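A short write-up of the structure that comes next.
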2 protein chains.
Amino acid sequence: MSLTHAPAGAVRQGSLRELNLALVLGRIAAAERPPSRADLATATGLTRATVSAVVEDLLAGQLVSESDPAPRSGAGRPARGLVLADQGPAGLGLEVNVDYLAVCVVDLAGEVRHRTVHRADLRPVAPADALAQLVEMAGAARDDAADQGLTLVGAALAVPGLVDDAGLVRLAPNLGWQDVPVPALLAEHPPLIEQVPGVPALVVDNEANLAALGELHSQPPGPSSFLHISGEVGIGAGIVLDGALFRGVRGWSGEIGHLPVHPEGRPCRCGGQGCLEQYAGQEAIVAAAGLVRAELPADTATARLAELAEAGDADALRALHDAGTALGVAVAGVVNLLDLDTVVLGGGYAALAPWLCPPVLAEIGARVLTAAWSPVTVRPSTLGAEAAAVGAAGSVVRRIVAQPAGWLARAG
Amino acid sequence: MSLTHAPAGAVRQGSLRELNLALVLGRIAAAERPPSRADLATATGLTRATVSAVVEDLLAGQLVSESDPAPRSGAGRPARGLVLADQGPAGLGLEVNVDYLAVCVVDLAGEVRHRTVHRADLRPVAPADALAQLVEMAGAARDDAADQGLTLVGAALAVPGLVDDAGLVRLAPNLGWQDVPVPALLAEHPPLIEQVPGVPALVVDNEANLAALGELHSQPPGPSSFLHISGEVGIGAGIVLDGALFRGVRGWSGEIGHLPVHPEGRPCRCGGQGCLEQYAGQEAIVAAAGLVRAELPADTATARLAELAEAGDADALRALHDAGTALGVAVAGVVNLLDLDTVVLGGGYAALAPWLCPPVLAEIGARVLTAAWSPVTVRPSTLGAEAAAVGAAGSVVRRIVAQPAGWLARAG
DNA sequence: CTCTATTTGTTCAGCGATTGAATTATTTGC
DNA sequence: GCAAATAATTCAATCGCTGAACAAATAGAG
């Protein structure tokens with residue numbers, strides 16, 4: 001029904017300023033080139049007087065800074081361009097995955113200002129030890145950020161599993177985690193975050209969700225609704241609708257890996273039968289290509305497949321085609337259901353996209369009722385590896401952009 | 001990411017009042033019993049002074065009225081309860097379906113104040129003629145509404161097919177419509193609607209979407225996220241997320257009928273194979289139950305099936321069980337993907353729910369990863385037949401509740 | 001029956017934020 | 001060098017919320 005999305009609570013006198021701060025800052029963030037105050041006034045519908053006042057607050061709070069005047073033709077006083085500050089608040093992104101730990105820092109503009117990746121097989125490592133190592137990496141990241149004039153205002157941790165509202169990792173099957181109380185474990189380490197009203201110090205979320213957010217905020221800006229599929233050992237999807245991640249009632253949306261593609265087919269460890277994961281998961285593709293998994297570490301399986309396919313290996317090509325077809329059946333269902341026009345292949349699928357896209361598109365063409373009127377785009381993710389960590393850090397700074405008042409109240 | 005849903009445009013001085021009018025009116029609409037001004041103040045966080053001023057506007061604009069004081073224990077001046085007005089703006093709901101035309105009027109409180117249904121096979125009738133008849137029924141509805149002190153501020157038309165943004169019915173296969181420009185056809189008749197800022201005079205939408213909206217606003221209030229499945233000849237779904245209908249990028253979401261449940265199964269008229277519709281659509285169930293369709297008008301097929309199942313007919317029971325299993329496979333996929341906890345069976349499925357629910361629940365239990373932690377409810381729709389018309393009319397008045405300022409500007 | 005405690009609703013001065021017009025600042029083009 | 005054009009700021013006016021005081025209306029105690 002798309003009613004006005006009014007603020008949930010009361011709209012007080014001060015909310016007015018809060019909302020306009022967010023409005024103006026959001027415009028600056030979304031603009032292609034640095035807008036002037038006058039541009040912002042016409043874009044937002046506010047008067048120039050109000051925009052000036054709002055911008056003054058944003059400048060004082062280190063959220064935006066003035067850039068060189070954008071070249072403009074014609075007469076008149078030159079405008080001063082406004083850009084997101086490269087100092088001030090920043091977000092900390094953390095990721096624990098099967099074969100690596102990653103930490104990164106993203107500034108307001110979405111730039112990655114720090115990045116550390118530690119490759120290791122995390123499956124035999126106890127959760128507390130893995131998190132301790134991550135905290136150590138994060139400490140170095142914090143120091144590096146501070147040197148660049150950045151203040152970490154929040155952290156987000158990406159995990160390949162189901163996470164509940166409290167940050168408890170219910171189940172991360174491929175990592176071997178079960179009921180891991182991440183916030184409690186991290187609370188034992190000294191804090192790295194400067195608390196800001198409106199920004200949670202720590203968010204724990206599914207890796208597929210955060211990777212989708214990363215894709216949403218990547219440059220150049222893409223569509224505001226799409227399906228992002230992370231194909232690893234498991235297959236997870238992040239659903240972005242109208243520029244917002246859709247989490248589901250309990251935050252467990254996106255379990256596309258267990259969509260039935262052959263209802264009477266192979267049994268799956270989830271208890272169902274014929275789940276997508278059994279046909280398009282990393283292990284299924286590897287097995288179908290005739291590779292022996294024991295000789296192939298998890299983190300090189302995808303690269304090896306791409307190599308073989310590149311070389312024209314018939315088994316690998318057939319395996320990828322079959323996986324793409326299974327994926328296409330599932331994606332066609334999702335597209336029929338949600339009417340999305342963009343599907344992004346991320347995670348391990350990104351490197352395999354040249355071979356996966358054709359069969360996926362074929363299934364969509366055959367099965368999607370509306371494909372005749374408007375085409376569906378299937379493309380690889382623009383972010384590379386560790387997309388979830390970048391997305392995680394980005395999700396933190398997006399909160400500042402969406403609610404600058406909290407930061408301003410703190411920073412004076 | 002669930003950022004604050006800020007108003008899209010500029011927040012001007014007057015927006016403040018607009019937003020608080022909507023906030024207070026929304027609370028009155030959502031309240032179980034008539035709230036007092038003091039109740040509203042504590043519920044919204046506004047001061048009593050502001051609430052009084054806002055309520056004064058709402059009273060003057062005929063959007064709310066004062067009711068008998070709610071009995072309360074303890075001392076103190078008795079409160080005056082506030083309820084949505086039973087006069088003032090109302091919505092017109094229209095529906096063209098395969099075997100009937102329906103018109104209804106719903107008031108602010110969601111009560112159906114007028115209802116007309118005309119049963120007839122609409123397939124041989126030209127779209128313009130069907131719409132002309134609908135307009136005639138709507139004229140009578142308008143007069144009846146006016147006698148009750150109601151003003152029609154908008155209309156919504158439910159159609160069993162794909163509709164684009166402009167109201168063009170691209171395809172309604174079971175009705176035989178293709179590229180029918182509904183707004184243009186209706187514009188030839190004298191207007192029945194009093195234009196109000198913020199309320200479109202006519203919205204054309206998919207029947208499944210509007211039925212889902214009807215379910216969302218039915219009393220008593222249910223969950224704010226659910227999947228509503230309309231099982232007729234085709235199978236459509238309305239997806240309600242966080243109290244809002246999700247329409248998809250082009251407004252064509254919900255095509256659950258073409259979710260593949262047996263990818264190498266029966267060919268479907270959509271061009272795909274093994275679509276749900278081929279296993280759980282009305283015609284498929286009728287055929288599986290051994291009934292001859294020619295002897296069975298479309299509008300009695302469901303009733304006849306229920307009758308047979310009630311009587312213990314083995315063929316009917318088996319047909320319903322198989323259909324329920326196919327439906328369950330599809331629903332399990334949706335639940336995995338969207339993490340919904342409520343599925344409503346509407347349309348023809350409502351009457352068949354006693355036999356469909358068990359196999360659907362069985363498939364969900366077997367296939368949904370998270371079902372172990374929190375159960376999924378599957379239940380029949382509370383609204384009866386013509387749910388889409390009621391939902392359509394309700395969608396109009398919900399706009400007034402969400403944006404009362406438009407109506408108030410008009411009514412003075 | 002009267003008085004007090006209690007809760008509801010209104011009145012009013014004060015204030016913060018936006019507005020719109022006037023003013024200042026800075027450049028291009030003639 | 002001057003006029004036109006565009007950008008940004010200043011300032012009185014206005015709108016709507018706040019908070020506190022006040023008026024209204026009832027239940028219960030004595």
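Just so it is clear, the model here is predicted, and its values are computed rather than measured. Naming convention: chains lettered A, B, ... in sequence-line order (proteins, then strands); numbering from 1 in each chain.
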Next item on the list: Between protein and nucleotides 9-19 of chain D, map the contacts as a letter string: B base, S sugar-phosphate only, - none, heavy atoms under 4.0 Å, written 5' to 3'.
Entry: BB----BBSBB
Excluding sequence neighbours, so at least two apart, what forms side-chain contact (heavy atoms from CB on, under 4.5 Å) with [X]?
X: B:Pro200; value: B:Val203, B:Arg399
X: B:Pro223; value: B:Phe226, B:Thr342, B:Arg379
X: B:Asp164; value: B:Ala166, B:Leu168, B:Arg170, B:Trp252

Notebook entry, point to check: In whole Å, what is the span from the CG atom of B:Leu59 to the C1' atom of C:dG9?
Noted result: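 Those two atoms, CG and C1', are 13 Å apart.
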Check: According to the side chain to side chain donor-acceptor pair (under 3.5 Å) rule, which pairs have a member within residues 46-63 of chain A, sequence neighbours left out?
Finding: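 For residues 46-63 of chain A, and leaving out neighbouring residues, the side chain to side chain donor-acceptor pair (under 3.5 Å) pairs sorted by first residue read A:Thr47-A:Thr50.
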Next item on the list: Please list, chain by chain and in numerical order, all residues satisfying salt bridge (charged side-chain N to carboxylate O under 4.0 Å, His left out) with B:Arg37, sequence neighbours excluded.
Entry: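 Salt bridge (charged side-chain N to carboxylate O under 4.0 Å, His left out) list for B:Arg37, sorted by chain: B:Glu66.
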